[in-house]
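Throughout, protein chains are lettered first and strands after them, A, B, ... in sequence-line order, and every chain is numbered starting at 1. The figures here come from the full heavy-atom set of this structure, side chains too, leaving out hydrogens, waters and symmetry mates.
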Amino acid sequence: MKLATWNVNSLNVRLPHLLDWLASSQPDVVCLQETKLVDAKFPREAIESAGYQVAFAGQKTYNGVAILARSPLAEIEAGIPGFADEQKRVLSATVTSTRVACLYAPNGQAVGSDKYEYKLRWYEALRDWLRMELARHPRLAVLGDLNIAPEDRDVHDPKAWEGQVHVSEPERAALRALIGLGLEDSFRLFVQPEKSFSWWDYRMAAFRRNAGLRIDHILLSSALARRCSACTIDKAPRKLERPSDHTPVIAELS
DNA sequence: ATGGCGCGCGCAGCGCGA
């Protein structure tokens, strides 16, 4: 089973890229972030025609998450229970006995800002909820744009980024707290190329210079991690015309 | 090098992302 996550930065703009990528990569489950579409405008038919069932929770202009799967989606739930939030950032569903959580973590804007505080609060609520989800669902996969680069090797220029949002110690501690629940960063289960990133700024020719961050992640419970045979970043969609600034991350489970 | 890009909204130019 191939599980993938991709922040598409507007599904309206990126739908042709997504459909091409589904056809060429044949993932079984795909978590999308930043769809930026109200549910009434979600391109359900195009995605169903490509052979995928779909669940989505969107809003106008910002955020928006979706789960695509070749097998039926059950127990679909939007948001973090008990955490009141207008922003559509969380969607979970069960696919063939695997619980899938699709996440779009807050950006945080700048350390110390209101949005940064919201990011840390969001992560606290996420941790408390995932603890319960893990107890309920031993086969849990958490995929998404987590907006945190876990370590300096996940940052193209750690000196320039030191202490900044996405790499600050409180954020990294929040991500480690998820790992501490019993999740594994599937990417680091394997030897990986140096300077592997999943996002590159549109500006400053950042992709050409490989000036990126690894902020899109697939976390697996130990029951799933044991069955994980690979985790890769697919840079191909980032090379297309009008790309998303993020590119897909894929985990393969046996 | 923090500017520079790309998105939505909506029709100019701003807020936002990371």
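Heavy-atom neighbours of A:E151 CD from other residues, nucleotides or ligands within 6.0 Å: above the threshold of 12.
Checked against salt bridge (charged side-chain N to carboxylate O under 4.0 Å, His left out), A:E48 has the following partners two or more places apart in sequence or in another chain: A:R44.
The same atom, P, is picked in B:dC14 and in B:dG3; the two are 15 Å apart, to the nearest Å. For the P atoms, the distance from B:dA12 to B:dG17 is 26 Å, rounded to whole Å. Taking atom P in both B:dG6 and B:dG10, the straight-line distance is 22 Å, to the nearest Å. Of the P atoms belonging to B:dG13 and B:dG4, the separation is 16 Å, rounded to the nearest Å. For the P atoms, the distance from B:dA1 to B:dG15 is 27 Å, rounded to whole Å.
Checking A:C31, A:P27, A:P248 one by one against A:W6, the side-chain contact (heavy atoms from CB on, under 4.5 Å) holds for a single residue, A:P248. Considering A:N9, A:N7, A:N107 as possible partners of A:D145, the one that fulfils the side-chain hydrogen bond (donor to acceptor under 3.5 Å, both in side chains) test is A:N7. The side-chain hydrogen bond (donor to acceptor under 3.5 Å, both in side chains) test with A:Y104 is passed by exactly one of A:Q87, A:E34, A:Q33: A:E34. With respect to A:F187, the side-chain contact (heavy atoms from CB on, under 4.5 Å) criterion is satisfied by exactly one of A:C231, A:P150, A:S198, A:C228: A:C231.
Rounded to a whole Å, the NE2 atom of A:H156 is 10 Å from the C1' atom of B:dA18. Whole-Å rounding puts the A:R208 CZ to B:dC5 P distance at 14 Å. To the nearest angstrom, C1' of B:dG6 lies 10 Å from CZ of A:R238. Following rounding to the nearest Å, A:E162 (CD) and B:dA18 (P) show an atom-to-atom distance of 22 Å. Between A:H246 atom NE2 and B:dC16 atom C1' there is a gap of 12 Å when expressed in whole angstrom units. The distance between atom CG of A:N7 and atom P of B:dG17, rounded to the nearest whole Å, is 12 Å. In this structure, A:D154 atom CG and B:dA18 atom P are separated by 16 Å, rounded to whole Å.
Using a 4.0 Å heavy-atom distance criterion, A:D216 is classed as making no nucleic acid contact. Looking at heavy-atom distances under 4.0 Å, A:Q164 makes no contact with the nucleic acid at all. A:F207 comes within contact range of no nucleotide atom at all, as no heavy-atom separation falls under 4.0 Å. Note on A:D157: nothing from the nucleic acid sits closer than 4.0 angstrom, heavy atoms only. Among the atoms of the strands shown, none is found under 4.0 Å from any heavy atom of A:K119.
Residue side chain A:N147 does not reach the base of B:dA18 through any donor-acceptor N/O pair under 3.5 Å, judged by distance alone.
Ring geometry for A:W161 versus A:H156: interplanar angle over 60°, hence perpendicular rather than tilted (30 to 60°). The aromatic rings of A:F83 and A:Y118 sit parallel to each other, their planes meeting at less than 30°, with 60° as the upper class boundary.
Taking 4.0 Å as the cut-off between side-chain N and carboxylate O, A:R176 and A:E169 count as a salt-bridged pair. Electrostatic pairing of A:R209 and A:D201 does not count as a salt bridge here, judged by no charged N lying under 4.0 Å from a carboxylate O.
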Please write out the pairs of protein N or O atoms and N or O atoms of nucleotides 7-9 of chain B separated by less than 3.5 Å, giving the distance to one decimal.
| unit_1 | atom_1 | unit_2 | atom_2 | d |
| --- | --- | --- | --- | --- |
| B:dC7 | OP1 | A:R14 | NH1 | 2.9 |
| B:dC7 | OP1 | A:R14 | NH2 | 3.4 |
| B:dC7 | OP2 | A:R242 | NH2 | 3.2 |
| B:dC7 | O3' | A:S10 | OG | 3.4 |
| B:dG8 | OP1 | A:S10 | OG | 2.6 |
| B:dG8 | O3' | A:T61 | OG1 | 3.4 |
| B:dC9 | OP1 | A:T61 | OG1 | 3.4 |

Between N or O atoms, less than 3.5 Å apart, protein on one side and nucleotides 2-4 of chain B on the other: list the pairs.
| unit_1 | atom_1 | unit_2 | atom_2 | d |
| --- | --- | --- | --- | --- |
| B:dG3 | N2 | A:R203 | NH1 | 3.3 |

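Base pairing of B:dG8 is made with B:dC14, judged by Watson-Crick or G-U wobble geometry with both donor-acceptor distances under 3.5 Å.
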